[in-house]
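Right, one structure below, let's go through it.
Counting convention: from 1, in listed order, for ligands and their atoms alike. Only a predicted model underlies this, so the values are computations on that prediction, with no experimental measurement involved.
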Amino acid sequence: MEIKNVSVIGGGTMGNGIAHVFALKDFNVNLVEMTSDLADKALATISKNLDRQVKKGTISETEKSRAFSNIKKVIGVNNTPSDSDLVIEAIYENKEAKMDIFKELQNRVKNNSIFASNTSSISITELAAQTRPEQFIGMHFMNPVPMMQLVEIIRGYSTSNETFETIKSLAIQLDKTPVEVFDYPGFISNRILMPMINEAIFALMEGVASAQDIDTVMKLGMNHPMGPLTLADFIGLDVCLAIMEVLYNGFNDSKYRPCPLLKKMVAAKKLGKKTGEGFFKYQ
Ligand code: NAI
């Protein structure tokens with residue numbers, strides 16, 4: 001199936017990045033937000049990020065203008081164009097809210113289109129069951145979308161091979177590297193990353209080393225670009241806790257229990273960079 005018209009629901013951190021990469025490759029992009037102000041904010045972010053690419057010399061001024069003109073703002077999910085070939089949902093991480101979006105889209109958007117979710121932890125199979133299971137898939141981009149190479153492509157229980165192959169070649173068209181993943185809690189990225197971060201927090205709680213030293217070990221010893229505690233601060237400790245809970249509840253296995261120090265810091269609203277303090281302090 002040829003994909004030309006793409007609707008992105010939600011223009012936040014991930015949604016505006018997803019719209020950005022599709023627009024640069026000349027897809028017709030509908031950026032769907034709740035209000036006109038939020039849509040304008042998303043467009044302003046895209047414009048700023050495209051400018052940055054122009055300054056770096058990775059795209060030309062003409063490519064920037066063309067990409068920007070490929071994006072149309074749409075207000076309200078109920079106005080999502082019915083001729084969308086692909087709809088990618090990127091609203092906040094809440095199962096019920098996402099399900100409501102897909103129920104609304106099911107009646108609105110033409111029958112042969114594909115629905116995708118950018119969720120980082122909610123079951124693709126469960127979301128798919130609300131709508132069109134064979135034409136439903138996880139398309140998990142990484143942040144920041146224009147820079148990061150990986151897209152995890154998650155097959156729900158009933159995702160068809162045709163849907164998978166269409167989305168895989170689409171990711172390649174976007175100059176990304178797709179990886180096929182089956183639907184289990186945390187997929188691959190968060191199933192491996194979050195327990196590592198959680199273990200670093202256990203090490204800190206037990207006094208094995210200081211926060212700075214734990215990060216230094218992983219940076220200098222394992223060549224990680226960022227230590228796990230700094231990374232947790234950047235992701236947000238509330239997000240880390242929510243994903244650990246998805247792993248813990250999804251597998252019913254104590255090896256995924258969230259560290260009590262992580263829970264305590266979230267309760268104290270020390271959520272990392274966004275609140276000015278997590279394992280480290282930020283200006
Ligand atoms: P965000 O909070 O930055 O953006 C969500 C956007 O959705 C907001 O702009 C909001 O106005 C909009 N929205 C909410 N309800 C809507 C509705 N009914 N109709 C239209 N727009 C609506 O969230 P973020 O960080 O972009 O996350 C989006 C999804 O991507 C989540 O599922 C998250 O788990 C996932 N994700 C996030 C990553 C990250 O690093 N932030 C990385 C990979 C996945």
Item to check | Selected option - heavy-atom contact closest to atom 25 (O) of ligand 1, from V8, T13, T80 | outcome: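 The residue whose heavy atom sits nearest atom 25 (O) of ligand 1 is T13.
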Under 4.0 Å from a heavy atom of [X]: give me the atoms of ligand 1 that qualify, with their elements.
X	answer
L38	11 (O)
K98	31 (C), 32 (O)
G10	7 (O), 12 (C), 21 (N)
I101	17 (C), 18 (N)
V32	20 (C), 21 (N)
G12	3 (O), 4 (O), 6 (C), 9 (O), 26 (O)
Y92	5 (C), 14 (C), 15 (N)

Checklist entry - Does the side chain of E89 come under 3.5 Å of the side chain of S117 through a donor N or O and an acceptor N or O? => result yes
Next on the checklist: Checking N112 against R132: is there a side-chain donor and acceptor pair closer than 3.5 Å?
Outcome noted: no
Among all protein non-hydrogen atoms, which one is nearest to [atom], and what is the separation to 0.1 Å?
atom	value
atom 19 (N) of ligand 1	V77 CG2, 3.4 Å
atom 39 (C) of ligand 1	M14 SD, 3.7 Å
atom 13 (N) of ligand 1	I91 CG2, 3.8 Å
atom 11 (O) of ligand 1	E33 OE1, 2.9 Å
atom 34 (O) of ligand 1	S120 OG, 2.6 Å

Checklist entry - Thinking salt bridges, do K110 and D85 make one under a 4.0 Å N-O criterion? => result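 Looking at D85 together with K110, the answer is yes, because their closest N to O distance falls below 4.0 Å.
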Checklist entry - So how far is it from K168 NZ to M139 CE, rounded to the nearest 0.5 Å? => result 13.0 Å
Item to check | From CD1 (I235) to CG (L271), nearest 0.5 Å | outcome: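 CG of L271 is found 13.0 Å from CD1 of I235.
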Item to check | pair K98-E93: side-chain heavy atoms closer than 4.5 Å | outcome: yes
Next on the checklist: Quick one, E180 and I153 - any side-chain contact, counting heavy atoms below 4.5 Å?
Outcome noted: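 E180 vs I153: side chains apart.
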Checklist entry - Hey, is atom 7 (O) of ligand 1 touched by any protein heavy atom at less than 4.0 Å? => result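 Answer yes: something from the protein, a heavy atom, is under 4.0 Å.
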